[in-house]
Protein chains: 2
Amino acid sequence: MYEDLKYWYLRDHKLFRTLSFGQIKQLCIITGFKKAQKGEIIYFSASDLPRIFLLKKGNIKIVAVDEDGNETIKDIIQKGDLFGELTLEADIQSNEYAKVLSDDVAICSFLMSDFENLLLRNPSLALSYTKFVGLKMKRIKNSYSNLISKDAKTRLFQFLKDWAEKEGKQVENKVVIENYLTQNDIAQIICTSRQTATHLLNEMETNGTIVYSRKEIIITDISKI
Amino acid sequence: MYEDLKYWYLRDHKLFRTLSFGQIKQLCIITGFKKAQKGEIIYFSASDLPRIFLLKKGNIKIVAVDEDGNETIKDIIQKGDLFGELTLEADIQSNEYAKVLSDDVAICSFLMSDFENLLLRNPSLALSYTKFVGLKMKRIKNSYSNLISKDAKTRLFQFLKDWAEKEGKQVENKVVIENYLTQNDIAQIICTSRQTATHLLNEMETNGTIVYSRKEIIITDISKI
DNA sequence: GATGATATGTCGGCTATATTACAGTTCTAC
DNA sequence: GTAGAACTGTAATATAGCCGACATATCATC
């Protein structure tokens with residue numbers, strides 16, 4: 001039954017739709033499975049063999065710690081996203097961990113080497129995966145050029161817009177987003193200081209563009225953003 | 001003879017080493033080949049079918065033009081690098097062109113769709129290619145975090161160091177780099193204004209860290225950088 | 001519901017860097 | 001060689017957003 005659960009979790013992911021039942025089973029044999037609660041920290045780098053993870057439930061943030069001990073958010077991972085050694089090259093030096101943002105999460109994982117073998121045996125999966133990595137690259141390129149040419153306000157707008165599009169629930173022309181991020185998180189994602197983010201969010205609230213609370217963010221008129 | 005030339009140009013690239021003679025020939029049949037001179041502009045986006053390009057000789061820069069007509073450097077491509085629709089997803093809206101920086105360049109190209117077919121038939125090439133795209137992604141991630149956490153001076157240092165490592169010729173502990181970039185180019189690469197770049201370069205020259213000219217940059221003591 | 005921890009709000013000074021502006025220099029092409 | 005274009009040098013001014021400092025609000029836990 002537990003085995004079955006893992007099986008479906010993988011089967012469910014769009015990337016794996018091209019696989020046969022047998023192939024999925026094969027990957028599932030070596031699949032790990034893990035649950036965790038809000039606030040928990042999950043280390044997933046050096047210690048073990050390199051792995052690829054699939055977040056099946058909840059939200060996590062990937063945090064990197066640099067030489068000086070500063071923590072920066074590398075990524076926000078949502079239900080259905082893959083994370084870990086996506087480039088299929090283990091990098092040793094990276095000092096990253098994942099922190100659970102939602103009430104609870106479920107994560108499957110499999111060894112990078114096993115995944116590689118699967119790709120070798122399944123060319124059309126390999127092609128899909130290549131495109132998937134390419135898409136990730138495009139996203140980063142996009143954030144990069146935003147950071148170069150747009151100011152903090154514009155980046156915040158863009159971030160809220162993207163977030164709303166991905167996760168917001170539309171009610172008439174309002175959009176409600178479940179807010180699992182702190183203002184500090186948001187600040188880091190759009191690459192600015194906490195104070196600036198706070199200031200901008202309050203400004204938007206005064207303008208009537210959004211209603212902000214720790215639980216949810218309501219964009220009052222999505223057409224205006 | 002001309003056909004043979006194209007053949008070898010591809011054969012030469014490390015990505016294609018895993019391919020058989022037959023497979024290369026197959027891709028070569030549809031290979032395009034082009035030469036261009038310094039200053040020439042090569043458009044490679046919308047007009048034609050999406051392609052992947054391989055720069056066999058020389059240097060070019062990829063320039064993007066935004067809505068307001070501002071030009072920004074997206075990438076510097078060197079001998080042996082691939083460019084174009086590397087993500088295997090044609091994006092329509094991108095308004096990019098390539099400008100030749102070196103005296104002359106040689107470029108081969110093949111259709112994205114043909115390349116896709118080749119990947120489908122050759123899983124180990126697909127795997128290598130994924131890793132290659134992953135590496136590109138890592139590079140961008142790296143520039144991104146540099147831009148977030150390092151000032152212009154540090155970014156210039158890092159850029160010169162990388163450039164020296166990639167292309168510099170070491171003579172004792174001096175490193176000589178052939179300088180095919182203008183200060184404006186350098187400024188754009190490290191994401192700062194031309195004036196700041198000029199100022200920093202002059203500062204480094206006064207310090208005796210580098211000797212700058214339009215033809216070459218000499219790093220006087222590589223161990224100090 | 002008291003206590004500590006974490007998150008948010010607010011303010012003013014400071015600094016790196018953009019911007020504007022113009023002069024001098026080097027290259028390119030006739 | 002000369003004109004024009006492109007590149008480089010320099011300086012003054014403007015400003016976005018960082019940073020420190022502290023107050024207040026909200027949450028988690030006993």
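If you're wondering where the values come from, they're calculated on a predicted model, not measured in any experiment. Convention: sequence-line order gives letters A, B, ...; per-chain numbering from 1.
- Contact detail for A:Ile62 and A:Ala98: the closest heavy-atom pair is CD1-CB, 4.1 Å.
- Distances were taken from every side-chain heavy atom of A:Tyr212 (C-beta onward) to each of C:dT8, C:dT17, C:dT26; the shortest belongs to C:dT8.
- The residues A:Asp75 and A:Lys136 are annotated as salt-bridged, a charged nitrogen and a carboxylate oxygen being separated by less than 4.0 angstrom.
- Under the 30°/60° scheme for interplanar angles, the aromatic rings of A:Tyr97 and A:Tyr43 are found to be tilted.
- Distance B:Leu147 CG to C:dA16 P: 16 Å, rounded to the nearest Å.
- Ranking C:dT10, C:dA18, C:dT17 by closeness to the A:Thr198 side chain, first place goes to C:dT10.
- A:Lys150 NZ: more than 12 foreign heavy atoms inside a 6.0 Å radius.
- Protein atom NZ of B:Lys215 is 8 Å distant from nucleotide atom C1' of C:dC27, rounded to whole Å.
- Judged by distance alone, with hydrogens and angles left aside, B:Gln195 brings a side-chain donor or acceptor within reach of the base of C:dT20, the pair sitting under 3.5 Å.
- Side chains of A:Asp151 and A:Thr154: a donor on one and an acceptor on the other come within 3.5 Å.
- Taking the 5' to 3' direction, DNA chain D first and last meets chain A under 4.0 angstrom from a heavy atom at D:dG17 to D:dT26.
- Rounded to whole angstrom, the span from the CD1 atom of A:Ile186 across to the P atom of C:dG9 amounts to 11 Å.
- Atom CG of B:Asp151 is separated from atom C1' of C:dT15 by 11 Å (rounded to the nearest Å).
- Here A:Thr192 lies in heavy-atom contact (under 4.0 Å) with sugar-phosphate atoms only.
- Nucleotides of DNA chain C nearest to B:Arg214 and B:Lys150 differ in position, and the one nearer the 5' end is that of B:Lys150.
- Ranked by how close their nearest DNA chain D nucleotide is to the 5' end, B:Leu181 and A:Leu200 are led by B:Leu181.
- With sequence neighbours excluded, the residues forming a salt bridge (charged side-chain N to carboxylate O under 4.0 Å, His left out) with B:Lys153 are B:Glu203, listed by chain and number.
- The distance between atom CG of A:Asn179 and atom P of C:dT8, rounded to the nearest whole Å, is 8 Å.
- Applying the ring-ring contact (aromatic ring centres under 6.0 Å, His included) criterion to A:Phe83, with sequence neighbours excluded, gives A:Phe44, A:Phe53.
- Atom C1' of nucleotide C:dA5 and atom CG of A:Asn184 are separated by 15 Å, given to the nearest angstrom.
- Computed from coordinates, the B:Gln37 CD to C:dA29 P distance equals 11 Å when rounded to whole Å.
- As rounded to whole Å, 18 Å separates atom C1' of C:dA21 from atom NE2 of B:His199.
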